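Take a look at the structure set out below.
All figures in this text were calculated on a predicted structure; none of them were measured in a lab. Residue numbers begin at 1 in each chain, while the letters A, B, ... track the order of the sequences.
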Amino acid sequence: MENQNLSKIFYEIAEFLEMDGVRFKPYAYKKAALSLESLKEDVFNIYKNGDNKALQKIPGVGENIAGHIEEYLKTGKIKIYEEYKKRLPLKIDELMMVEGLGLRKIKILYEKLGIKNLKDLEKSAKNHKISPLFGFGEKTEKNILQGIEFQKNNKGKMLLGEILPKAKNILEKLKNLKEVDQISLAGSLRRKKETIGDIDILVVSKKPKIVMDFFVSMPEVKKVLAKGETKSSIYTKDGFDIDLRVVSEKSYGSALQYFTGSKEHNIALRKIAIEKNLKLSEYGVFKGKKQIAGKTEEEVYKAIGLHWIAPELRENQGEIETVFKNELPELVGLKDIKGDLHCHSNWNGGKNSIEEMAEFAIKMGYEYIGISDHTKFLRIENGLNEEQLLKQNLEIKKLNEKYKNKNFRVLHGCEANIMTDGSLDIKDEVLEKLDYVIAGIHSQLKMSKNQMTERLAKAMENPNIDIISHPTGRLIGKRDEYQLDFDKILETAKNTGTILEINSSPVRLDLKDFYIRRAKNEGVKMIINTDSHEKNQLNLMEYGVSMARRGWTEKKDIINTLPVSELLKYFK
DNA sequence: GCCGTTTTCGGCCCGACTGTTTTCAGTCG
């Protein structure tokens, strides 16, 4: 599928055009790139089954860009792109990571000093070659050096699960100020993206100066990046940025809407506003000069003719079209979750006993917990063999006697290993005795796409396997997903009634939002589990639920929203 | 370069802050 490659090329062409100071064209190329990125159909098929005209039916693709696509499909190259790369042979991504450097400045640095990458940039800045340039200065040069340093210490973005607890701490501190009337997280953190670049906080206050002064002098602050009456930014000792905005009460809703994003969602909303002869900004919805909405988000959406949209959906991936049709899903919530079926005990690599795990689950208000320890192939985790599993089964039966009158139940499963040929490392006659079986891939992760798809599909056809754990195997920022034909996996899951896991572990979040939405569309059932190796990790459930919400799922798509009797019906 | 529920031409989201200017461009979100 060439969609992603083409999308990347068009994004880059947009950047080149922006460097040249061309107006509006970059916007067109970016739109086409975005459109291709989320296009379900393969452009090659669209072209093969139609022609150039068929390509022009793709939103954002007109005569010219269709021509580029055609050229690419025929020759593997796009001429203007190749020319740009030759003329401006720069590591744009690398240079753009430096705060304060944009495309215009990057081009000037290349033309005047021949700077192509981060290394060149650092050298020039250290030798004070940058400050004499027109439009640059001492401060810019210093900021560039600091930006490079920041990049070195802080590669990439932070995990949602790492940053959300820290953000909540800061939020609490600000909340305690008597000058703060209202407060909320905003930005990608409020949309619960799997990785977060920085923290955005929005505040209502009649005394913004006091709030800003407090904010920039918190003990967490390492550097103040900007400070104004309405907007300040800090860099913390933990290595991330926090932006704080202060607005008045009458603009709180519109500001919250605006600062929550995403950028694409906001642009779409503003266009809708313009069509209705209104203006939408962070200060409100305006008819001429008169503000007609802004106090709450609901009011803002309503003013431009829409129902409120949950932050997790605001990615301009169809939510606006869907809200027009009044067909937005009623998203699953943390409160809907009745139990957690992927939990490890101290029988293998876990920290707590089965009883301790169960007690914690009861405190969380769950109706059941499933113990699913590793099996024997995973020696490093002390995986259980057949005999140990049967022994564990007896212990769980005994424990359930204790909970008989408590409306709580411990279910017995295991997390078996899918071997390279798709078989399991535990005999079927033992698996049959368990309440359910999770199976996952933990070895030989680099098989070819065909082999890996075959391996997983064969496992799903095993009548004892109910759930596939962490189906794509990625570790965010550390390890890519397995090579898989995901459409084939969905088809097999559907045909065999196999449930796909949404693993809540912050580094996994697997399935990810994009796949969750595809699974939902295909009618494949999912389960949100934590993969806890100690009792406190049961609290990670919120991250899995966030992914599920970003994947548009409702209660009915997620089987652990069901009471235990209903749940068991979904197992083979 | 794309697009049209007033348009096939004339628009293309909006505002704050910084650093460099001396009225503004670039960057960011």
Picking from [options], which would you name as closest to the side chain of [X]?
X	options	result
A/A226	B/dT18, B/dC13, B/dG1	B/dT18
A/I274	B/dC13, B/dC2, B/dG29	B/dC13
A/Y258	B/dG15, B/dG1, B/dG29	B/dG29
A/R270	B/dC14, B/dG19, B/dT27	B/dC14
A/K139	B/dG29, B/dG19, B/dC14	B/dG19
A/Y283	B/dG15, B/dG29, B/dC17	B/dG15
A/R104	B/dC13, B/dG19, B/dG26	B/dG26
A/A28	B/dG1, B/dC3, B/dT27	B/dG1
A/Y27	B/dC2, B/dC13, B/dG29	B/dC13
A/N143	B/dG19, B/dC12, B/dG29	B/dG19

Taking the same atom, [atom1], in [N] and in [M], what whole-Å distance lies between them?
N	M	atom1	result
B/dG10	B/dT6	C1'	14 Å
B/dT18	B/dT22	C1'	15 Å
B/dT27	B/dT20	P	13 Å
B/dC3	B/dC13	P	14 Å
B/dT5	B/dG1	P	23 Å
B/dT21	B/dA25	P	14 Å
B/dT7	B/dG11	C1'	9 Å
B/dT23	B/dC17	C1'	16 Å

Worksheet item: Taking 4.0 angstrom as the limit, do A/K206 and A/D181 come out as a salt bridge?
Response: yes
Worksheet item: Between A/D213 and A/K227, is there a salt bridge with N-O shorter than 4.0 Å?
Response: yes
So what does [X] hit on the nucleic acid, given a heavy-atom distance under 4.0 Å: a base, only sugar-phosphate, or nothing?
X	answer
A/E229	sugar-phosphate
A/L269	nothing
A/L103	sugar-phosphate
A/K25	base
A/F134	nothing
A/R245	sugar-phosphate
A/P59	sugar-phosphate

Ignoring backbone atoms, establish whether [X] has a side-chain N or O less than 4.0 Å from OP1 or OP2 of [N].
X	N	value
A/S233	B/dC17	no
A/K271	B/dC14	no
A/T140	B/dT20	yes

Discussion item. From CG of A/L101 over to C1' of B/dG26, roughly how many Å is that when rounded to an integer?
Written reply: 11 Å
Worksheet, complete the sentence: Sorted by chain and number, sequence neighbours left out, side-chain contact (heavy atoms from CB on, under 4.5 Å) with A/S262 holds for A/R191, A/E264, A/H265, A/E315
Discussion item. To check you understand the geometry: which heavy-atom pair defines the closest contact between A/P26 and A/L17, and what is its length?
Written reply: CG-CB, 3.8 Å
Worksheet item: Where the side chain of A/S131 meets the backbone of A/G137, is there a donor-acceptor pair that is under 3.5 Å apart?
Response: no
Worksheet item: Under 3.5 Å, is there a donor-acceptor pair between the A/Q257 and A/N266 side chains?
Response: yes
Worksheet, complete the sentence: Sorted by position of nearest nucleotide on DNA chain B, 5' first, the leading residue of A/S232 and A/F259 is A/S232
Discussion item. Counting only Watson-Crick pairs (N1-N3 plus N6-O4 or O6-N4) and G-U wobbles (N1-O2, O6-N3), all under 3.5 Å, who is the partner of B/dT8?
Written reply: none
Worksheet item: Taking the six-membered ring for Trp, are the ring centroids of A/Y11 and A/Y29 within less than 6.0 Å of each other?
Response: no
